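Predicted model, so just to flag it, every value in this text is computed and none were measured. Chain naming here is simple, since letters A, B, ... match the order of the sequence lines and numbering starts at 1 in each. Computed from heavy atoms alone, side chains included, the values below leave out hydrogens, waters and symmetry copies.
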Amino acid sequence: MPSMAHSEARDFTKTKQPNGKIVKNGPKDESRRQKIAQQRKSLPITSVERQLVEEVRKNDTLIIVGETGSGKTTQLPQFLFNAGFCRDGKVIGITQPRRVAAVTVAKRVAEECGVELGQKVGYSIRFEDATSSSTRIKYMTDGLLLREALLDPFLSRYSVVIIDEAHERTVHTDVLLGLLKNVQKTRSQSTSQMSSLEKMKASNGTVLEKDNHAQSQSFQKSYHGTKFSPLKLIIMSASLDARGFSEYFGGARAVHIQGRPYPVDILYTHHAEPDYLEATLITVFQIHLEEGPGDILVFLTGQEEIESVERLVQERVQQLPEGSRNLLVIPMFSSLPSEQQMRAFRPAPSCSRKVILATNIAETSVTIPGIKYVIDPGLVKARSYNPITGMESLIIIPTSKAQALQRSGRAGREGPGKCFRLYPENEFSKLVDSTVPEIKRCNLSNVILQLKALGVDDIIGFDFMEKPSRMAIVKSLEQLYLLGALTDDYKLSDPVGHQMARLPLDPIYSKALILANQFNCLEEMLITVAMLSVESIFYTPREKLEEARAARKCFSSAEGDHLTLVTVYRASAEWLEKVKMANNKDKTAERSLSKWCKENFINNRSLRHARDIHSQIQGHVEQMGFRVASCGDDMLQFRRCLAAAFFLNAALRQPDGSYRALASSQVVQIHPSSVLFRTKPECIIFNELVRTNHNYIRNITRIDPLWLPELAPQYYATQN
DNA sequence: GAGCACTGC
């Protein structure tokens with residue numbers, strides 16, 4: 001039925017988004033340097049350089065709203081540098097939510113400045129530091145600046161801190177905002193040398209002012225009259241509501257910068273679509289058959305959905321007339337091997353059109369060139385967290401307005417585009433303005449541990465831009481107390497709490513390392529927590545299910561998943577050792593490890609990540625004076641250590657083969673991916689609790705129930 | 001006998 005897509009074509013109502021400025025690039029034959037200068041000149045932000053610098057001079061806190069393409073991320077730091085904000089060796093710090101962004105922007109700015117990366121312009125991300133003592137413009141991930149604050153609580157090296165992409169509201173961004181607000185207050189107080197009393201009088205002395213003041217006083221407990229220069233704070237956001245940020249910073253000034261280079265037509269359906277996947281398919285073919293050249297980007301919720309739409313598009317392409325079959329389907333999600341991800345970036349063969357089926361990854365993390373059409377069914381898979389049960393789940397929910405805007409913006413990067421929203425226009429107005437910030441839907445143990453280490457004792461009173469629920473805070477405080485990180489009066493314990501705060505890991509994993517040091521199995525635990533900290537290590541493609549299972553069996557341990565992970569890690573390390581012995585070239589060794597991963601159905605990216613974490617954490621624990629000892633063949637010792645560390649996650653088998661988690665009394669099941677799925681031991685500890693079709697627990701090891709009262713008497717002695 | 005959006009230290 002070649003005309004099928006045509007006959008079922010949807011009508012879309014049309015609304016216009018405000019037109020932006022069109023940016024033209026210089027001729028291709030110009031030298032690169034001239035071209036860069038030309039590009040800089042044409043950025044919307046360039047014409048307002050003087051005004052912007054003036055605004056920063058006048059305002060301690062400034063909110064800049066500018067859409068992608070305005071040039072704010074690359075240009076503003078250079079403007080400020082040229083205006084003298086780095087005098088006395090001070091640094092301008094710019095945070096990004098993602099590593100790739102920090103690196104690519106730094107490279108670009110170094111090139112624009114004509115300097116070598118790592119000199120005047122540099123970047124710093126986990127596992128990678130491209131800065132030096134001469135670095136003045138420093139791009140970094142937000143999480144890294146947070147870590148830096150642990151060593152330098154007043155961020156004294158920085159004259160300006162710019163929080164970029166603040167609208168994304170990552171946990172790190174939210175914690176940083178609260179922290180920087182305090183740091184700024186402290187530093188300006190130290191400069192003005194006003195006594196706290198005078199300061200109180202000077203401000204209008206409202207209750208709110210006093211509260212904030214008291215809080216910043218408690219934060220400053222380590223501050224003994226040291227003199228600091230004031231800190232300039234700039235919040236950059238792409239979302240239209242600067243109001244939230246402005247209110248949070250006491251009515252801070254907000255300025256807008258023109259940005260969007262090309263207009264995008266937004267089209268809605270007349271009626272709600274009962275089946276959004278079918279509507280997606282129809283729209284894909286409607287665009288393919290009726291619209292001009294340009295690739296299509298479709299936003300779907302997950303891998304499974306993408307794979308099924310991929311099959312359906314391919315089936316229906318075959319039903320088209322021969323001349324119209326020039327449609328190339330490309331899936332895109334994070335767990336896809338990178339060679340396959342690269343397909344999306346290669347241009348489609350001439351005279352054909354690409355349709356990219358992507359998850360959220362295409363919303364912010366990757367920018368795919370050539371996109372002219374966006375199809376947005378208006379749904380997203382989001383993580384939610386129940387602090388009472390500790391249960392994590394993934395649910396499909398409508399996007400926010402901000403997300404819908406971000407998605408449509410993907411059509412206007414290189415020329416005018418179109419976005420097809422697969423819902424009626426009145427539905428758009430019902431969407432929430434912005435996505436619920438992550439801090440309101442995650443386990444707060446790590447955040448609290450960090451804040452405590454920064455001297456913030458009153459977590460419930462901390463000035464979050466949006467406060468997490470009291471229950472979420474209390475539950476995490478309780479967990480940290482049970483792990484021994486906090487004392488009876490909820491202060492950071494010494495040394496355990498301080499040691500845990502130093503390690504960039506989930507608090508429960510940090511605790512496991514501290515215990516492993518006492519149990520003489522730190523080597524095994526170091527590998528375990530590194531492997532537990534990354535995405536799934538095992539890779540099971542649907543078409544090679546049996547082979548993958550067989551490969552996995554070689555690593556399986558009857559004791560459970562933790563030992564299985566240790567075996568995998570050691571096998572890969574031994575392989576790498578052998579290759580390096582044979583020919584000591586690092587590059588060949590790397591390639592050989594990739595090959596080993598493929599043969600053994602191991603996810604190469606995850607394993608490399610685990611190796612990075614392993615070496616970073618090993619450095620930390622050695623600095624803390626721990627000795628990385630192995631328990632050798634004494635697996636009993638290692639399992640006892642696991643029980644001592646993860647006692648909060650113990651479960652007992654019930655007569656029907658399900659389990660009961662001891663801490664929350666929830667009924668749970670062993671996930672089929674566990675090596676203990678069939679064995680079903682009487683008593684186990686686990687690391688993950690995820691709700692999908694059932695309440696599943698993952699990463700499990702068999703333990704002796706008698707170990708619990710023995711190793712965690714503070715928790716189990718009073719219970720049965 | 002299942003299925004996992006995306007980041008980050």
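The ring-ring contact (aromatic ring centres under 6.0 Å, His included) check on A:Y569 picks up A:H614, with sequence neighbours excluded.
Looking at A:V621, A:L505, A:L483 one by one, the single match for side-chain contact (heavy atoms from CB on, under 4.5 Å) with A:S510 turns out to be A:L505. For the side-chain contact (heavy atoms from CB on, under 4.5 Å) with A:K381, the qualifying choice from A:T359, A:I395, A:N360, A:L394 is A:L394, the only one to do so.
Using modelled atom types and a 3.5 Å distance limit, the side chains of A:S384 and A:S393 yield a donor-acceptor pair.
Between the P atom of B:dA2 and the OH atom of A:Y539 lies a distance of 22 Å, rounded to the nearest Å.
When side chains are defined from C-beta on, A:S476 counts as touching A:N443, because their heavy atoms get closer than 4.5 Å.
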Open item on the list: One character per nucleotide, please: for nucleotides 3-9 of chain B, 5' to 3', B when the base has a protein heavy atom closer than 4.0 Å, S when only the sugar-phosphate does, - otherwise.
Closed with: BBBBSBB
